[in-house]
Q: 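Structure in structure tokens, see below.
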There are 2 protein chains.
Amino acid sequence: MKNISTENYLSEIYKLEQSKIKVKTNIIAKKLDISNAAVTDMLKKLSSNGLILYERYKNIQLTKKGKDYAAVIVRRHRIWEIFLNQIVGLPWDKVHDEAHRLEHSSSDELIDRIEEMLNYPEFDPHGDPIPAKDGSIPKLKESTNLSKVKIGEWGKVIRVNDYDNEFLNYLSRIGLKLGKKITVKDKLNFDNSLLIKIGDKQINISGKLASNIFIDLN
Amino acid sequence: MKNISTENYLSEIYKLEQSKIKVKTNIIAKKLDISNAAVTDMLKKLSSNGLILYERYKNIQLTKKGKDYAAVIVRRHRIWEIFLNQIVGLPWDKVHDEAHRLEHSSSDELIDRIEEMLNYPEFDPHGDPIPAKDGSIPKLKESTNLSKVKIGEWGKVIRVNDYDNEFLNYLSRIGLKLGKKITVKDKLNFDNSLLIKIGDKQINISGKLASNIFIDLN
DNA sequence: ATTAAAATTTAAGTATCCTTAAATTTATAT
DNA sequence: ATATAAATTTAAGGATACTTAAATTTTAAT
Ligand SMILES: [Mn+2]
Ligand SMILES: [Mn+2]
Ligand SMILES: [Mn+2]
Ligand SMILES: [Mn+2]
């Protein structure tokens, strides 16, 4: 276990790399809510510790060592999320913040024990994959951003972004959860909103909301 | 939630006060494994934050505010210990270190939820009382240090000190756990060791070992 | 190709929590 | 009562991880 700050940088960079986003000082600063200057400082440290490849003004990349370590942190985070959701009974809009702290305070033994207890889950409560002990990642089903789904098409909710608790809570309130079938009934170019059917309810959601929901089409 | 360091100082001071030990720079330094100088530094900060009463060279005392806060931390620690032991299945020699980290990383909501799940336990896996939300402490049964129990007397194990994992692990291995009946068969003045009966086994334990075990006599 | 905007880094400084070494105060032994 | 030992505090300094402001480099626009 290194320090919390290092762990947070690494898992943020890891998640960016996973989603094919070029890793830059700027994005890290926004994600971690700190100044660009602080990020530059830390990048030098991470680099000199062999955790990232870094050249001034260039993109950032995890080394093998950095990626392995980051996977451990993301693994801890997502296993905690499942545990908090399934065993402790916290709703999906409460698990992220809690897991974000706990991820830095738990031994590998504890995480392994919890994982076993949960029968080796592959995905967290928001549909994100849980890295295995060896760093390998369960293959994600292909998914389509709900905002890109065409009128008349339908599919099942397979993943949602977990950054915003209010968003997640709202999804719960409209009955949207992983596995739910969603049909796009109409789309309004005027405000990019969508009319969708969930269960037997029809509901209008904004384009921004839709863009944080991912669908397994057909 | 304040910072981890503050929380560790407060809970250490709290535990010393609970066991009627005069709180001094020295003891805190030993318990937290840091220099006396660092403790003096921090005592000034705690004092200026209204968490302790402190005058140079004098004994230290928690204020109401400090005691309330400390009780929250000790509560978190012990609820985690029970949870890890009962729900996760960790042995009693593994729960303390884990809980010592988790105690600084969990919201009150999570702790309350876990407490409810455990049906409001009063004592942790080592027999220490769990402070309630209002800071009140379950009354301890009177107990006698095993090293003070006389030949022929018997009673049930009601509490053990939880500082040393090797000690706790050894107790497990000789079948000693909370609630077990122990009879003192013999005492050797030569080395202060005791011959005790646990279940149907007789075993010789050192005085030092005995002095970390507490018995509910009769 | 120039220029303006955006991103990034450097510089200087702060807060926290440690360290060791030296000075001071308190406690203990005779 | 005095000397010695033990405990405590002060002093000076280090590592980490931030901050804002200024300087530099890259990118994007015309
Ligand atoms: Mn999360
Ligand atoms: Mn984190
Ligand atoms: Mn404990
Ligand atoms: Mn602690």
Side-chain angles (χ1 to χ4, degrees), chain A residues 1-14 16-17 19-62 65-66 69-70 73 100-101 103-105, chain B residues 1-14 16-17 19-62 65-66 69-70 73 100-101 103-105:
Chain A
M1 269 183 226
K2 287 223 162 187
N3 56 64
I4 294 179
S5 215
T6 298
E7 295 190 344
N8 281 334
Y9 276 83
L10 289 180
S11 75
E12 226 36 85
I13 297 171
Y14 178 93
L16 289 167
E17 285 191 353
S19 47
K20 322 276 189 207
I21 295 170
K22 276 186 189 169
V23 185
K24 307 205 157 210
T25 307
N26 225 352
I27 307 182
I28 301 175
K30 278 193 190 106
K31 291 273 183 190
L32 298 180
D33 194 27
I34 55 185
S35 71
N36 281 357
V39 173
T40 300
D41 253 24
M42 182 60 102
L43 292 179
K44 288 178 195 161
K45 287 178 211 158
L46 294 175
S47 173
S48 78
N49 287 330
L51 295 162
I52 61 169
L53 297 175
Y54 171 65
E55 273 179 285
R56 290 157 70 247
Y57 296 107
K58 298 284 168 56
N59 291 345
I60 294 134
Q61 245 192 305
L62 291 172
K65 182 180 167 192
Y69 190 10
I73 309 308
H100 183 60
R101 290 185 301 265
E103 76 194 26
H104 310 294
S105 317
Chain B
M1 271 184 226
K2 287 224 165 189
N3 55 65
I4 295 177
S5 215
T6 299
E7 294 190 346
N8 281 333
Y9 275 83
L10 290 179
S11 73
E12 226 39 82
I13 297 170
Y14 178 93
L16 289 167
E17 285 192 352
S19 46
K20 322 278 189 208
I21 296 170
K22 276 186 187 168
V23 184
K24 307 206 157 210
T25 307
N26 226 353
I27 307 182
I28 301 175
K30 276 193 193 107
K31 292 270 184 192
L32 298 180
D33 193 27
I34 54 185
S35 71
N36 282 356
V39 173
T40 300
D41 252 25
M42 182 60 103
L43 292 178
K44 288 178 194 161
K45 288 178 209 156
L46 295 175
S47 173
S48 78
N49 288 330
L51 295 163
I52 61 169
L53 299 174
Y54 171 65
E55 273 180 285
R56 291 158 67 250
Y57 298 104
K58 299 281 168 60
N59 291 347
I60 294 134
Q61 243 193 305
L62 291 172
K65 183 179 167 191
Y69 190 10
I73 309 308
H100 183 61
R101 290 185 301 265
E103 77 194 27
H104 310 293
S105 316

Q: Taking the side chain as everything from C-beta on, heavy atoms only, tell me whether B:His104 gets closer than 4.5 Å to B:Asn8.
A: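 Yes, their side chains come closer than 4.5 Å.
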
Q: Looking only at heavy atoms, what is the nearest atom pair of A:Ala70 and A:Leu62, with distance?
A: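 Closest approach of A:Ala70 to A:Leu62: CB-CD1, 4.2 Å.
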
Q: What bend angle does the helix from C:dA1-D:dT30 to C:dT30-D:dA1 show across its length, from five-pair end axes and to the nearest 10 degrees?
A: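 One end's axis against the other's: 10°.
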
Q: Atom CG of B:Asn36 and atom P of C:dC18: how far apart are they, to the nearest Å?
A: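 In whole Å, C:dC18 P lies 13 Å from B:Asn36 CG.
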
Q: Tabulate protein N/O versus nucleotide N/O from nucleotides 22-26 of chain D, keeping only pairs under 3.5 Å, one per line.
A:
{"unit_1": "D:dT24", "atom_1": "O2", "unit_2": "A:Tyr57", "atom_2": "OH", "d": "3.4"}
{"unit_1": "D:dT25", "atom_1": "O4'", "unit_2": "A:Tyr57", "atom_2": "OH", "d": "3.2"}

Q: Once you round to the nearest 0.5 Å, how far does NZ of B:Lys58 lie from NZ of B:Lys22?
A: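 Rounded to the nearest 0.5 Å, the NZ-NZ separation comes out at 12.0 Å.
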
Q: Considering only distance and modelled atom types, tabulate donor-acceptor pairs under 3.5 Å from the side chains of residues 23-46 of chain B, sequence neighbours left out.
A:
{"unit_1": "B:Ser35", "atom_1": "OG", "unit_2": "B:Ala38", "atom_2": "N", "d": "3.1"}
{"unit_1": "B:Thr40", "atom_1": "OG1", "unit_2": "B:Asn36", "atom_2": "O", "d": "3.2"}

Q: Nearest of C:dC17, C:dT8, D:dT16 to any side-chain atom of B:Thr6?
A: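 That would be C:dC17.
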
Q: Got a sec? Which of residues 28-35 of chain A come in under 4.0 Å of DNA chain D, heavy atoms?
A: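 The stretch gives A:Ile34, A:Ser35 as the residues lying under 4.0 Å from the strand, ordered by number.
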
Q: Are side-chain heavy atoms of A:Ile52 and A:Ile13 found at a separation under 4.5 Å?
A: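 Yes - at least one pair of side-chain heavy atoms lies under 4.5 Å apart.
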
Q: Go through the structure and list residues passing salt bridge (charged side-chain N to carboxylate O under 4.0 Å, His left out) with A:Glu12, not counting sequence neighbours.
A: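 A:Glu12 satisfies salt bridge (charged side-chain N to carboxylate O under 4.0 Å, His left out) with A:Lys15 only.
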
Q: Taking all non-hydrogen atoms of both residues, which atom of A:Ser11 and which atom of A:Glu103 are closest, and how far apart?
A: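 So the minimum-distance heavy-atom pair works out to OG-OE2, 4.4 Å.
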
Q: Which is more 5' along DNA chain D, the nucleotide nearest A:Ala37 or the one nearest B:Asn59? Just name the residue.
A: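 This one resolves to B:Asn59.
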
Q: What parts of residues 20-27 of chain A reach DNA chain C, counting only heavy atoms under 4.0 Å away?
A: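 Per residue number, the list reads A:Lys24, A:Thr25, A:Asn26.
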
Q: Once side-chain hydrogen bond (donor to acceptor under 3.5 Å, both in side chains) is applied, do any residues pair with B:Thr6, and if so which ones, sequence neighbours excluded?
A: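 Partners of B:Thr6 under the side-chain hydrogen bond (donor to acceptor under 3.5 Å, both in side chains) test: B:Asn3.
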
Q: Does a side-chain N or O from A:Tyr54 land closer than 4.0 Å to OP1 or OP2 of C:dT9, or not?
A: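 Checking C:dT9 against A:Tyr54, a side-chain N or O does come within under 4.0 Å of OP1 or OP2.
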
Q: Residues from residues 40-50 of chain B sitting under 4.0 Å of DNA chain D, heavy atoms only?
A: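 Within residues 40-50 of chain B, the residues near DNA chain D are B:Thr40, B:Lys44.
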
Q: Quick check against the 3.5 Å criterion: does B:Lys65 have a side-chain atom that pairs as donor or acceptor with the backbone of B:Asn49?
A: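 Flag set: sc B:Lys65 to bb B:Asn49 pair under 3.5 Å.
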
Q: For the residue pair B:Glu17 and B:Ile60, what are the closest heavy atoms and their distance?
A: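 Between these two residues, the closest heavy atoms are OE2-O, 4.1 Å.
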
